[in-house]
Amino acid sequence: MIAIGCDHAGVEMKKAVISALTEKGYELKDMGTDGEPCDYPVIAKAVCELILSGECEKGILICGTGIGMSISANKFKGIRAALCSDSFSAKYTRLHNNANVMCMGARTLGNGLACELAEIFLSTGFEGGRHQRRIDMIE
Ligand code: RB5
């Protein structure tokens, strides 16, 4: 199960990402917002808690720039949130950082790219090895 959330800036992009991922067979838990103006830290917290409890394996967070969501998500111990806007980063943050949350900016990316980045993020595994040592240092 994948947790997903956005603030009011990211509603249309979130709909596009949910639709693309559902088509690929992913199951998603949508933590809002459905359109109402909201504060992004509240949504980031809801998504991060689902991951930390084990209910969801990964999360996707969308706000205007993706920055507020990434700052918020990285306050939670055990969350490694990566702000991505290119496919290399979406792939390597899984391979090397074992990122469990990806953040994207709805005002900086197109929906097509966002859907592709989400698929890369969710389908790429962690390489482990020397990268695990570095993650242990972060934790
Ligand atoms: C909301 O207007 C905007 O500040 C928010 O979506 C985000 O970009 C913050 O980082």
Side-chain angles (χ1 to χ4, degrees):
M1 183 72 77
I2 306 301
I4 189 163
C6 66
D7 72 356
H8 45 280
V11 174
E12 292 311 315
M13 178 176 280
K14 184 180 70 176
K15 282 184 194 163
V17 170
I18 289 175
S19 157
L21 292 178
T22 304
E23 223 170 86
K24 294 275 174 188
Y26 290 100
E27 282 189 276
L28 291 115
K29 200 170 171 76
D30 185 357
M31 301 308 287
T33 179
D34 294 331
E36 288 303 301
C38 69
D39 299 319
Y40 57 80
V42 174
I43 305 292
K45 181 171 191 271
V47 164
C48 290
E49 283 176 345
L50 283 176
I51 296 165
L52 294 172
S53 73
E55 201 175 320
C56 290
E57 54 190 82
K58 292 190 190 82
I60 294 172
L61 287 168
I62 301 166
C63 65
T65 57
I67 296 172
M69 285 294 196
S70 61
I71 292 171
S72 304
N74 278 313
K75 293 291 178 191
F76 292 85
K77 187 169 166 53
I79 294 295
R80 293 172 298 282
L83 173 59
C84 292
S85 56
D86 64 278
S87 57
F88 190 91
S89 300
K91 180 177 176 182
Y92 276 83
T93 199
R94 289 289 309 125
L95 288 171
H96 288 188
N97 312 124
N98 199 14
N100 48 12
V101 171
M102 184 171 72
C103 304
M104 296 187 287
R107 293 173 178 159
T108 60
L109 300 180
N111 288 351
L113 178 56
C115 294
E116 192 167 303
L117 297 182
E119 285 178 38
I120 291 169
F121 178 74
L122 295 179
S123 63
T124 305
F126 175 47
E127 248 178 39
R130 67 189 187 282
H131 302 296
Q132 183 59 55
R133 183 180 71 240
R134 292 159 187 166
I135 288 164
D136 292 343
M137 288 177 179
I138 296 171
E139 296 301 321

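As a basis for the values below, the full set of heavy atoms in this structure was taken, side chains included, without hydrogen atoms, waters or symmetry mates. For ligands, and for the atoms within them, numbers begin at 1 and follow the listed sequence.
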Does the side chain of H131 come within less than 4.5 Å of N98's, by heavy atoms?
no
Is it the case that atom CD in E139 sees more than 12 heavy atoms from other parts of the structure closer than 6.0 Å?
yes
Can you check whether a protein heavy atom sits less than 4.0 angstrom from atom 4 (O) of ligand 1?
no
Of all the atoms in ligand 1, which lie at a distance below 4.0 Å from a heavy atom belonging to R107?
1 (C), 2 (O), 3 (C)
Classify the angle between the aromatic ring planes of Y92 and F88 as parallel (below 30°), tilted (30 to 60°) or perpendicular (above 60°).
parallel
Chi angles and distances behind the side-chain contact (heavy atoms from CB on, under 4.5 Å) call for K24, L122:
CA-CA 11 Å; K24 294 275 174 188; L122 295 179; over 6 Å; no
So among S87, S89, C115, which one has a side chain to side chain contact (heavy atoms under 4.5 Å, CB included) with I120?
S87
Can you find a pair of side-chain heavy atoms, one from I62 and one from M69, that are under 4.5 Å apart?
no
Test your reading of the structure: does I67 have an N or O sitting under 3.5 Å from an N or O of ligand 1?
no
Heavy-atom contacts with A9 under 4.0 Å: which atoms of ligand 1 show up? List them by number with element.
6 (O)
Atom CD of E49: over 12 foreign heavy atoms under 6.0 Å
yes
Where is the nearest protein heavy atom to atom 8 (O) of ligand 1: which residue, which atom, and how far?
T65 N, 3.0 Å
How far is atom 9 (C) of ligand 1 from its nearest protein heavy atom, and which residue and atom is that?
Y40 CE2, 3.5 Å
Of all the atoms in ligand 1, which lie at a distance below 4.0 Å from a heavy atom belonging to C63?
6 (O), 7 (C), 8 (O), 9 (C), 10 (O)
Atom 10 (O) of ligand 1 - nearest protein heavy atom and its distance:
G68 N, 2.9 Å
Just which atoms of ligand 1 are under 4.0 Å from any heavy atom in H8?
1 (C), 2 (O)
I want to know if ligand 1 touches D7 in the polar sense, i.e. an N/O pair below 3.5 angstrom.
yes
Distance filter under 4.0 Å to G64 heavy atoms, resulting ligand 1 atoms
5 (C), 6 (O), 7 (C), 8 (O)
What do you reckon, is CG of D86 surrounded by more than 12 foreign heavy atoms closer than 6.0 Å?
yes
